[in-house]
Amino acid sequence: MEALNANEQREFQNIYERKQLKDFMTVYSRLIQNCFESCVNDFTSKTLASREQGCVMRCVDKHQKAAERVQLRFTEQNVALMQSGQIPGQ
Amino acid sequence: MEALNANEQREFQNIYERKQLKDFMTVYSRLIQNCFESCVNDFTSKTLASREQGCVMRCVDKHQKAAERVQLRFTEQNVALMQSGQIPGQ
Amino acid sequence: MEALNANEQREFQNIYERKQLKDFMTVYSRLIQNCFESCVNDFTSKTLASREQGCVMRCVDKHQKAAERVQLRFTEQNVALMQSGQIPGQ
Amino acid sequence: MSFLPGFGRRQPSSAEKIANAEAEMDMIGEMMARLNQSCLKKCIQPDYHEGDLTKGESVCLDRCVGKFFEVQMKISEKMQGDAAMKQGM
Amino acid sequence: MSFLPGFGRRQPSSAEKIANAEAEMDMIGEMMARLNQSCLKKCIQPDYHEGDLTKGESVCLDRCVGKFFEVQMKISEKMQGDAAMKQGM
Amino acid sequence: MSFLPGFGRRQPSSAEKIANAEAEMDMIGEMMARLNQSCLKKCIQPDYHEGDLTKGESVCLDRCVGKFFEVQMKISEKMQGDAAMKQGM
């Protein structure tokens with residue numbers, strides 16, 4: 001990345017924070033959609049069955065733990081690539 | 001939402017109209033893609049068979065009517081939530 | 001499209017170049033995801049098997065050649081539509 | 001939403017207030033689009049014998065929207081609970 | 001597209017003209033991307049025995065693009081017809 | 001990335017430098033999201049008997065991330081090679 005001076009860094013920080021928020025919203029709504037689609041299948045009833053609700057809670061846990069682990073490995077891989085001098089795409 | 005003064009409301013209205021247009025474009029192109037994928041399967045011919053064309057027309061009708069109904073129920077749910085004082089995420 | 005004067009064209013050209021870059025990034029990352037999902041299925045090992053690697057290379061070739069062909073036909077169709085006076089959506 | 005940038009620390013600027021309103025609008029729009037996608041997938045068979053909704057499809061859509069909101073609320077409560085635990089409150 | 005903001009009521013400003021050109025470009029790009037996705041799904045088997053297109057895949061792609069445009073046109077005509085009916089024209 | 005607008009021809013402006021940093025951040029974010037999607041699909045069964053990761057799921061995720069990066073690198077090398085060939089270098 002080209003070096004940014006102090007003013008540019010402040011502006012980039014603002015853009016970065018907005019993007020982080022937008023990304024979090026997307027991850028959050030995608031999580032709701034995924035766990036809804038995996039766990040809720042009974043439309044003979046108006047409200048969630050307890051098995052559906054349990055499934056949703058475990059689904060959320062599983063997704064969050066998996067995403068943490070992937071993030072960890074992703075960061076390790078990126079660090080390894082930068083150290084070896086090979087950044088994908090550059 | 002924080003209160004916006006008159007100038008801010010005008011600017012937000014512009015942004016809102018641009019987004020509405022963009023969303024409509026996305027819904028429109030997704031509708032074309034969905035109904036194409038569901039209805040068109042015969043590539044031994046260059047042009048649409050009449051059964052494929054009929055399927056596409058009914059597919060569009062069905063999608064639009066379903067989306068209207070979902071929108072109605074979504075609005076009801078949002079109103080009920082605001083009245084009960086529980087907005088998801090806040 | 002409404003006619004743009006020279007200044008407007010310069011600004012639009014900037015926006016267009018940024019979008020082209022963003023689109024290329026999306027196509028590139030979607031290609032990686034698609035070919036990974038189609039070709040890589042053996043997680044008893046840490047590194048790519050040679051059959052997985054061969055599949056990925058052929059997958060990339062196939063996707064690029066198919067996209068070129070679709071782009072060609074898409075352009076032909078657009079030209080034909082403009083000549084006949086019927087632009088979809090207008 | 002109380003974690004939006006600018007809120008609570010000082011008066012948010014015009015640009016920030018508009019950006020926050022935009023973010024809230026985007027969130028509602030995104031949730032609506034996913035709800036629509038999921039409930040169409042769950043309730044509408046892709047054979048399209050007719051253009052009108054059948055009675056079964058209509059009832060399914062109604063219940064689907066209700067259950068989607070319930071799921072959204074439960075997940076929201078869970079995540080707020082998890083965040084509270086992490087902060088030792 | 002005649003329903004773009006600013007058009008027909010007064011002279012659109014520079015910012016509006018550029019935003020309209022952007023919107024039109026986005027629309028074409030989105031349609032192209034979906035067309036590409038659909039036709040690759042319909043015509044290309046995901047086994048990837050070879051990197052070149054087979055004759056069958058090539059012909060399928062050509063016809064797929066043509067049929068996709070036909071579908072787009074029929075849907076566009078239908079929606080314009082529905083809108084005209086609603087306005088009692 | 002050396003093909004970003006402005007780079008190498010003249011000093012990039014502030015707006016360009018920030019836009020380039022944004023583009024790079026978007027790229028990393030997009031790759032991360034697709035990696036996450038693919039590896040969850042490959043390694044996590046959607047029955048959700050429990051909320052914790054099993055040992056098998058954990059190992060699968062680790063290897064999946066490694067293989068995804070390998071695929072990304074091979075494709076990147078291939079595309080750079082193809083581009084070099086086209087320019088007759």
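Because only heavy atoms are used, hydrogens play no part in the values below, and waters and symmetry mates are left out as well, while side chains stay in.
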Which answer fits E:Lys74, side chain, backbone, both or neither, if we ask what part of it has an atom under 4.5 Å from a heavy atom of chain B?
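Answer is both: backbone and side chain atoms of E:Lys74 are under 4.5 Å from chain B.
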For E:Ala33, is it the side chain, the backbone, both, or neither that has a heavy atom closer than 4.5 Å to a heavy atom of chain B?
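Neither; nothing under 4.5 Å.
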So which residues of residues 55-67 of chain E are in contact with chain B at a heavy-atom cut-off of under 4.5 Å?
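E:Cys60, E:Arg63, E:Cys64, E:Lys67 fall under the 4.5 Å cut-off.
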Sort out for me which of E:Lys41, E:Met31, E:Met79, E:Lys42 touches chain B most, counting heavy-atom pairs under 4.5 Å.
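If we count pairs closer than 4.5 Å to chain B, E:Lys42 comes out on top.
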Determine, stepwise, if the pair B:Glu52 / E:Glu70 fulfils side-chain contact (heavy atoms from CB on, under 4.5 Å).
CA-CA 11 Å; B:Glu52 290 178 321; E:Glu70 231 189 309; over 6 Å; no
Taking every non-hydrogen atom, the tightest pair across B:Met57 and E:Ile75:
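In this case the closest contact between B:Met57 and E:Ile75 is CE-N, 4.1 Å.
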Report which part of B:Lys46 has an atom under 4.5 Å of a heavy atom belonging to chain E: side chain, backbone, both, or neither.
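Both the backbone and the side chain of B:Lys46 come within 4.5 Å of chain E.
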Which of the residues B:Asn14, B:Asp61, B:Leu31 is involved in the greatest number of heavy-atom pairs with chain E at under 4.5 angstrom?
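That would be B:Asp61.
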Once you round to the nearest 0.5 Å, how far does [atom1] of [X] lie from [atom2] of [Y]?
X	Y	atom1	atom2	result
B:Met25	E:Ile28	CE	CD1	10.0 Å
B:Ser29	E:Leu35	OG	CG	11.5 Å
E:Asp26	B:Lys22	CG	NZ	5.0 Å
E:Glu30	B:Ile32	CD	CD1	10.0 Å

Where along residues 33-41 of chain B does a heavy atom come under 4.5 Å of chain E, listed by residue number?
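Within residues 33-41 of chain B, the residues that come under 4.5 Å of chain E (heavy atoms only) are B:Gln33, B:Phe36, B:Glu37, B:Val40, B:Asn41.
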Output, in order, the C-alpha distance, side-chain angles, deciding distance and verdict of side-chain contact (heavy atoms from CB on, under 4.5 Å) for B:Val60 and E:Lys78.
CA-CA 9 Å; B:Val60 170; E:Lys78 179 193 203 309; 3.9 Å; yes
side-chain contact (heavy atoms from CB on, under 4.5 Å), that's the test. Do B:Gln53 and E:Val71 meet it? Break it down for me.
CA-CA 8 Å; B:Gln53 190 169 320; E:Val71 164; over 6 Å; no
Below 4.5 Å, heavy atoms only, C-beta onward: do E:Gln72 and B:Tyr28 meet side chain to side chain?
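When only atoms from C-beta onward are counted, B:Tyr28 and E:Gln72 do touch, with a gap below 4.5 Å.
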